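Shown next, in structure tokens, is the structure this report addresses.
Computed from a predicted model, the values in this text were never measured in an experiment. First the proteins, then the strands, lettered A, B, ... as listed; each starts at 1.
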Amino acid sequence: MKYRAFLALIVVGALTGCAGMKTAESADGDKVKYQVIATGDTEDRLDVLNVVSAKSGDLTKASVELQNDSNFAYTFEYRFKWYDAAGMEINPDATAWTPVSIMAKETKSLQALAPNPTAATFKLFLQEKP
Amino acid sequence: MKRIVVATLVGAAIASTPFLSGCANKVAYGDAQAVETVNTDFGSTDLQQIAAKMTDDMLAFPPVVQVTQQRRPVIFVDKIKNKTTEHIDTESITDTIQTKVINSGKFRFVDMTAVKQVQEQLDFQTDSGMVNPQTAVKIGQQIGAEYMLYGNMSSIVKQSGSTKDVYYKFTLKLLHLQSGIVEWQGEKEIRKTKTKSLLGM
């Protein structure tokens, strides 16, 4: 009984490692796994409308469309991080936080190109202006 | 009377020591990727934004994608003209762009700022008599650049009362040396505004 419970825990642990990753599909059928991590105010104020990926040669391009849910202009910061097939971050510390302003109810597309052809997944981090 | 004055002064000096040491400067490491808003002058965040957008735009441009599909063309970086009224190290911007482009594996670069040092090293290897001729680098074998990367940085500054608005525009061009055609051109605009508020509201 204890052994089965222990096994169940391991399976759940392994599954949660992939939890939160969604898939963006490109027009060619290429699939890119991604995750949008919103902290603070950005979680409530911003809605992820659409995530699309495309290929520029062998470089993956990602586009995340966000909408400002509130009736007020909002300034936040975002950063894309890219990972290879093994889950290792490509060029850590090479991408900086970018400030962006979005008007009330406006939609904005945040786009980024993978740093090199080995990129397989990406994470978009959103944070409120400190 | 004199003793009282001296004693008061000494007492005040001793009593204020903890407050004075509280005014000491504190140094700490910060995040080099964090957004910097110290003032409206050109800053690290502007440099990072420009480099990221220019690199992404250039590498994703369809004719550039086509050219870099089978081979890695050679580029040299010329000057970025600073047309603003500030001192901006534009070479720092192109250095970051060059790093990102090289890391993408799509282009190769020749460094025109190192020509003199390379010449000195080649002269040393061939003429000094100190280097084994079999291991010396052969002169006249360098690869010629096919493209030139150059551009402009301009700004528009407007001030009215306590409000200051600075608009930067960075333009980067990729020129094919043989044909003289500008194969790609990219632009990044940045606006920074400084306002003074009453009582920090």
Side-chain angles (χ1 to χ4, degrees), chain A residues 26-28 30 32 39-40 42 52-64 73-84 88-103 108-119 122-130, chain B residues 29-38 40 43-73 92-93 95-108 165 167-168 184 186 188-193 195:
Chain A
S26 70
D28 304 329
D30 285 320
V32 174
T39 55
T42 60
V52 175
S53 78
K55 280 275 197 196
S56 284
D58 51 3
L59 294 175
T60 306
K61 188 168 183 175
S63 176
V64 179
Y74 183 51
T75 302
F76 64 100
E77 296 171 4
Y78 75 92
R79 167 152 83 167
F80 278 88
K81 285 191 176 216
W82 293 85
Y83 303 81
D84 62 17
M88 197 174 295
E89 190 183 347
I90 301 169
N91 294 345
D93 295 336
T95 45
W97 287 102
T98 305
V100 62
S101 294
I102 187 168
M103 296 294 128
K108 215 156 210 177
S109 279
L110 306 180
Q111 297 189 348
L113 189 71
N116 63 41
T118 64
F122 71 88
K123 290 184 188 175
L124 171 63
F125 292 84
L126 304 167
Q127 70 176 13
E128 56 189 33
K129 190 177 148 189
Chain B
Y29 278 97
D31 181 4
Q33 274 72 45
V35 171
E36 168 266 309
T37 48
V38 171
T40 53
S44 62
T45 302
D46 305 318
L47 186 154
Q48 289 159 341
Q49 281 189 75
I50 286 169
K53 175 135 198 298
M54 293 294 98
T55 309
D56 283 3
D57 280 1
M58 186 172 84
L59 297 179
F61 189 57
V64 170
V65 169
Q66 208 171 14
V67 159
T68 56
Q69 227 157 22
Q70 305 296 334
R71 47 187 283 271
R72 294 168 64 203
S92 179
I93 306 173
D95 279 348
T96 308
I97 293 172
Q98 191 168 323
T99 305
K100 288 180 186 288
V101 172
I102 288 178
N103 287 343
S104 73
K106 297 293 162 187
F107 283 96
R108 294 175 293 170
D165 183 285
Y167 165 84
Y168 292 106
W184 167 83
K188 173 66 182 164
E189 296 167 294
I190 294 170
R191 182 185 299 283
K192 292 164 93 167
T193 311
T195 48

### Query
Given the rule in the salt bridge (charged side-chain N to carboxylate O under 4.0 Å, His left out) test, do A:Lys81 and A:Asp93 qualify, once you have shown the distances and angles that lead to the verdict?
CA-CA 9 Å; A:Lys81 285 191 176 216; A:Asp93 295 336; 5.4 Å; no
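- Using a 4.5 Å cut-off between heavy atoms, B:Lys106 contacts chain A through its side chain alone, with no backbone atom that close.
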#### Entry: A:Phe125 and A:Thr39: CA distance, side-chain angles, deciding distance, side chain to side chain contact (heavy atoms under 4.5 Å, CB included) verdict
CA-CA 8 Å; A:Phe125 292 84; A:Thr39 55; over 6 Å; no
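- In terms of non-hydrogen atom pairs under 4.5 Å with chain B, the most contact-rich of A:Asn116, A:Ile90, A:Thr98 is A:Asn116.
- When heavy atoms are compared at a cutoff of 4.5 Å, B:Ala60 approaches chain A by way of both its backbone and its side chain.
- Ring-plane geometry between A:Tyr78 and A:Phe76 is classed as tilted, the angle between the planes lying from 30 to 60 degrees on a 0 to 90 degree scale.
- Contact between B:Tyr167 and B:Arg191 at its shortest, heavy atoms only, is CD1-NH2, 4.2 Å.
- Of all heavy-atom pairs spanning B:Val67 and B:Pro73, the tightest one is CG1-CG, 3.5 Å.
- Proximity to chain A is absent for every atom of B:Asp57, based on heavy atoms less than 4.5 angstrom apart.
- Counting heavy-atom pairs closer than 4.5 Å to chain A, the top residue among B:Thr68, B:Asp56, B:Val65 is B:Asp56.
- Both the backbone and the side chain of A:Pro99 have a heavy atom closer than 4.5 Å to some heavy atom of chain B.
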